[in-house]
Amino acid sequence: MSEQFIKTTWKGNLQFESSNPSGETLWINAGPENGGEGNGLRPKALMLSALAGCSGLDVASLIQKMKLEISDFHIDAKANLTDEHPKIYDAVLLEYHFYGSNLDEAKLKKAVDLSVEKYCGVMEMFRKFATVDVKLFFHTVSI
């Protein structure tokens, strides 16, 4: 087991600065509708970014290992937030969009499946409180 450590420091009003184990920092703030100034990322949205980022890193690594040719890809994360407090995500949809002129759809699907089913720890954490669905989209682009 390894321990992760971050430090999150209050900077006044509803603004925080949070460190990352790599030494990078980011700003967290509530939106104006909740009394914040909006100068920073929202905590729940950060969770979706972590989910997409975790899986994205897996998929990018597998794309390199499989020597797949793609020109670009992105992941859209859509989540349902419950109405009652504490408000949580109870359903998440991840949409993987791949772009290229010669996409190997079967191998790209395998890369996503490996991330979703085996490698992405954030995905496994999300499954403790939400249903997670995945869709893949293949976009052919001409060179």
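Atom CD of residue Glu124 and atom CZ of residue Phe126 lie 12.5 Å apart, to the nearest 0.5 angstrom. Put simply, NE2 on His97 and CZ on Phe73 are 11.5 Å apart, with the number rounded to the nearest 0.5 Å. Here the OG-CD1 distance, from Ser22 to Ile6, works out to 11.5 Å after rounding to the nearest 0.5 Å. The distance from the CG atom of Leu103 to the OG atom of Ser71 is 7.5 Å, given to the nearest 0.5 Å. Within the model, atoms CG of Leu114 and SG of Cys120 stand 12.0 Å from one another, a figure rounded to the nearest 0.5 Å. How far CD1 of Ile88 is from CZ of Phe129: 7.0 Å, rounded to the nearest 0.5 Å.
Side-chain contact between Val112 and Asp58 is absent, with no heavy-atom pair separated by less than 4.5 Å. Ser61 is not listed as a side-chain neighbour of Leu57, based on a closest heavy-atom distance of 4.5 Å or more. For the pair Leu108/Ile63, a side-chain contact is recorded, criterion being any heavy-atom separation below 4.5 Å from C-beta on. In this structure, Lys135 and Leu93 have side chains that are in contact, with non-hydrogen atoms separated by less than 4.5 Å. Ser18 places none of its side-chain heavy atoms less than 4.5 Å from the side chain of Thr25. For the pair Tyr89 and Leu81, the minimum side-chain heavy-atom distance is below 4.5 Å. Here the side chains of Phe138 and Ile70 are not in contact, with every heavy-atom distance at 4.5 Å or above.
Residue pairs meeting the salt bridge (charged side-chain N to carboxylate O under 4.0 Å, His left out) criterion with at least one member in residues 75-97, sequence neighbours excluded, are Lys78-Glu95.
With sequence neighbours excluded, the residues satisfying salt bridge (charged side-chain N to carboxylate O under 4.0 Å, His left out) with Glu17 are Lys11.
For the residue pair Leu62 and Ala111, the shortest heavy atom distance occurs at CD1-O, 3.4 Å. Trp10 and Gln15 make their closest contact through CD1-O, 3.4 Å (heavy atoms, listed as atom of the first residue, atom of the second, distance). Closest heavy-atom contact between Thr140 and Ser101: CG2-O, 4.4 Å. When all heavy atoms of Ala130 and Ala91 are compared, the pair lying nearest together is CB-N, 4.0 Å.
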Does the pair Val116 and Arg127 meet the rule for a side-chain contact (heavy atoms from CB on, under 4.5 Å), with working shown? CA-CA 10 Å; Val116 169; Arg127 283 195 187 99; 3.2 Å; yes
Show your working on side-chain contact (heavy atoms from CB on, under 4.5 Å) between Met123 and Cys54 and close with a plain yes or no. CA-CA 8 Å; Met123 184 83 63; Cys54 177; over 6 Å; no
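Using modelled atom types, one side-chain atom of Ser19 and one backbone atom of Lys7 make a donor-acceptor pair closer than 3.5 Å. Under a 3.5 Å cut-off, the side chain of Asn20 and the backbone N or O of Gly23 do not form any donor-acceptor pair.
Crowding of Glu117 atom CD: a count of heavy atoms from other residues, nucleotides or ligands under 6.0 Å exceeding 12.
Linking Ile, Leu, Val, Met, Phe, Trp and Tyr residues whenever their side-chain heavy atoms come within less than 4.5 Å places Tyr96 and Met66 in a single cluster. A single hydrophobic cluster is not seen to contain both Val134 and Tyr99; linkage of ILVMFWY side chains at heavy-atom distances under 4.5 Å, directly or through other members, places them apart.
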Show me the side-chain donor-acceptor pairs of residues 36-53 shorter than 3.5 Å, one per line, residues at least two apart or across chains.
{"residue": "Glu37", "atom": "OE1", "partner": "Asn39", "partner atom": "ND2", "Å": "3.3"}
{"residue": "Glu37", "atom": "OE2", "partner": "Asn13", "partner atom": "ND2", "Å": "3.3"}
{"residue": "Arg42", "atom": "NH1", "partner": "Gly40", "partner atom": "O", "Å": "2.7"}
{"residue": "Ser49", "atom": "OG", "partner": "Ala45", "partner atom": "O", "Å": "3.4"}

